[in-house]
Amino acid sequence: VQLQASGGGLVQAGGSLRLSCAASGRIFSSYDMGWFRQAPGKEREFVAAINWGGGATYLADSVKGRFTISRDSAKNTMHLQMNSLKPEDTATYYCAVSTRGWSTPQVLSNSNRYGFWGQGTLVTVSS
């Protein structure tokens, strides 16, 4: 499966962006999706995950109340609505697919859970 992330850009603190991730190629019958981000000089960190049906989500504490994850399984797309952006949200955001089934937050926040990754889209939040 190929993943294409889009929607990144430059925004002022307090602003909003909506990231999208489109899956194509070999589409599995069901899969969960997630967003990770990596700031310069830092390790990749978990942002959010959503299950196949979209009925279960998990967000990192750092983005709860500001970010919302959603998906349209019929269109093989996923979105990350980011509001009240902060300079510390600046990073390259990656979408990922897991075919290993929904699990606990601890498991879902581990990048090793995801077998397919997109190329990333850069989000820059200015102060």
Side-chain angles (χ1 to χ4, degrees):
V1 61
Q2 290 78 47
L3 301 173
Q4 180 71 42
S6 62
L10 174 64
V11 64
Q12 289 188 333
S16 298
L17 280 175
R18 186 176 190 241
L19 304 184
S20 296
C21 178
S24 61
R26 179 191 176 192
I27 304 297
F28 299 95
S29 58
S30 65
Y31 55 93
D32 306 315
M33 301 185 76
W35 288 99
F36 286 74
R37 66 187 182 186
Q38 187 167 19
K42 295 187 177 181
E43 294 186 352
R44 188 170 297 189
E45 67 171 352
F46 171 80
V47 176
I50 188 166
N51 74 336
W52 164 248
T57 62
Y58 170 56
L59 287 90
D61 289 342
S62 59
V63 305
K64 280 181 181 177
R66 300 188 298 122
F67 291 11
T68 302
I69 186 172
S70 62
R71 70 184 291 177
D72 184 340
S73 296
K75 296 182 179 179
N76 295 313
T77 57
M78 173 179 65
H79 304 286
L80 185 69
Q81 178 66 42
M82 306 186 296
N83 299 327
S84 302
L85 283 162
K86 304 175 181 179
E88 50 263 43
D89 293 319
T90 294
T92 298
Y93 284 70
Y94 298 89
C95 59
V97 160
S98 170
T99 59
R100 300 174 65 179
W102 196 244
S103 186
T104 64
Q106 183 178 9
V107 171
L108 292 169
S109 61
N110 189 330
S111 61
N112 292 328
R113 186 73 175 178
Y114 301 80
F116 304 90
W117 292 84
Q119 86 291 354
T121 184
L122 178 62
V123 172
T124 303
V125 184
S126 63
S127 57

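Checked for salt-bridge contact, Lys64 and Asp61 meet the test: a charged N lies under 4.0 Å from a carboxylate O. Ion pairing between Arg113 and Asp32 fails under the 4.0 Å rule for side-chain N and carboxylate O.
Taking all atoms of both residues into account, the shortest heavy-atom contact from Cys21 to Met33 is SG-CE, 3.9 Å. Of all non-hydrogen atoms in Asn112 and Arg100, the two that sit nearest each other are O-NH1, 3.4 Å. Between Gly34 and Tyr114, the shortest heavy-atom distance links the atoms N-CE2, 3.9 Å. Considering all non-hydrogen atoms of both residues, Ser126 and Leu10 come closest at CB-CD1, 4.4 Å. The two atoms that bring Thr57 and Leu59 nearest to each other are OG1-CD1, 4.2 Å, heavy atoms only. Between Asn83 and Ser16, the shortest heavy-atom distance links the atoms OD1-OG, 2.9 Å.
Note that OG of Ser20 and CD of Gln4 are 10.5 Å apart. Values are rounded to the nearest 0.5 Å. Residue Asp89 holds its CG atom at 7.5 Å from OG of Ser62, rounded to the nearest 0.5 Å. If you take CD1 on Ile69 and CD on Gln81, they are separated by 12.0 Å, rounding to the nearest 0.5 Å. Atom OG of Ser70 sits about 6.0 Å away from atom CZ of Arg18, to the nearest 0.5 Å.
The hydrophobic cluster containing Leu108 also contains Trp117, counting ILVMFWY residues as joined when their side-chain heavy atoms lie under 4.5 angstrom apart, directly or transitively. Residues Val47 and Val107 do not share a hydrophobic cluster, clusters being chains of Ile/Leu/Val/Met/Phe/Trp/Tyr side chains in contact below 4.5 Å. Linking Ile, Leu, Val, Met, Phe, Trp and Tyr whenever their side-chain heavy atoms come within less than 4.5 Å puts Leu3 and Trp52 in one cluster.
For residues 77-103, there are no ring pair (Phe, Tyr, Trp, His ring centres under 6.0 Å) pairs, not counting sequence neighbours.
Counting only heavy atoms from C-beta outward, the side chains of Leu80 and Arg37 never approach each other to under 4.5 Å. A 4.5 Å side-chain heavy-atom check between Phe67 and Leu85 finds at least one atom pair inside the cut-off. In this structure, the side chains of Lys86 and Val125 stay at 4.5 Å or more apart for every pair of heavy atoms. Counting only heavy atoms from C-beta outward, the side chains of Tyr58 and Ser109 approach each other to under 4.5 Å.
Remark: Arg71 qualifies as a cation-pi partner of Tyr31 under the 6.0 Å distance and 45° angle criteria applied to the six-membered ring.
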Between Val123 and Met82, is a side chain to side chain contact (heavy atoms under 4.5 Å, CB included) present by the stated rule, with each step listed? CA-CA 10 Å; Val123 172; Met82 306 186 296; 3.8 Å; yes

Given side chain to side chain contact (heavy atoms under 4.5 Å, CB included), test Thr92 with Phe36 step by step and report yes or no. CA-CA 8 Å; Thr92 298; Phe36 286 74; over 6 Å; no

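Scanning for side-chain contact (heavy atoms from CB on, under 4.5 Å) contacts around Ala5 gives Trp35, Cys95, Gln119, Thr121, with sequence neighbours left out.
When atom types are taken as modelled, the side chain of Ser73 and the backbone of Gly53 share no donor-acceptor pair closer than 3.5 angstrom.
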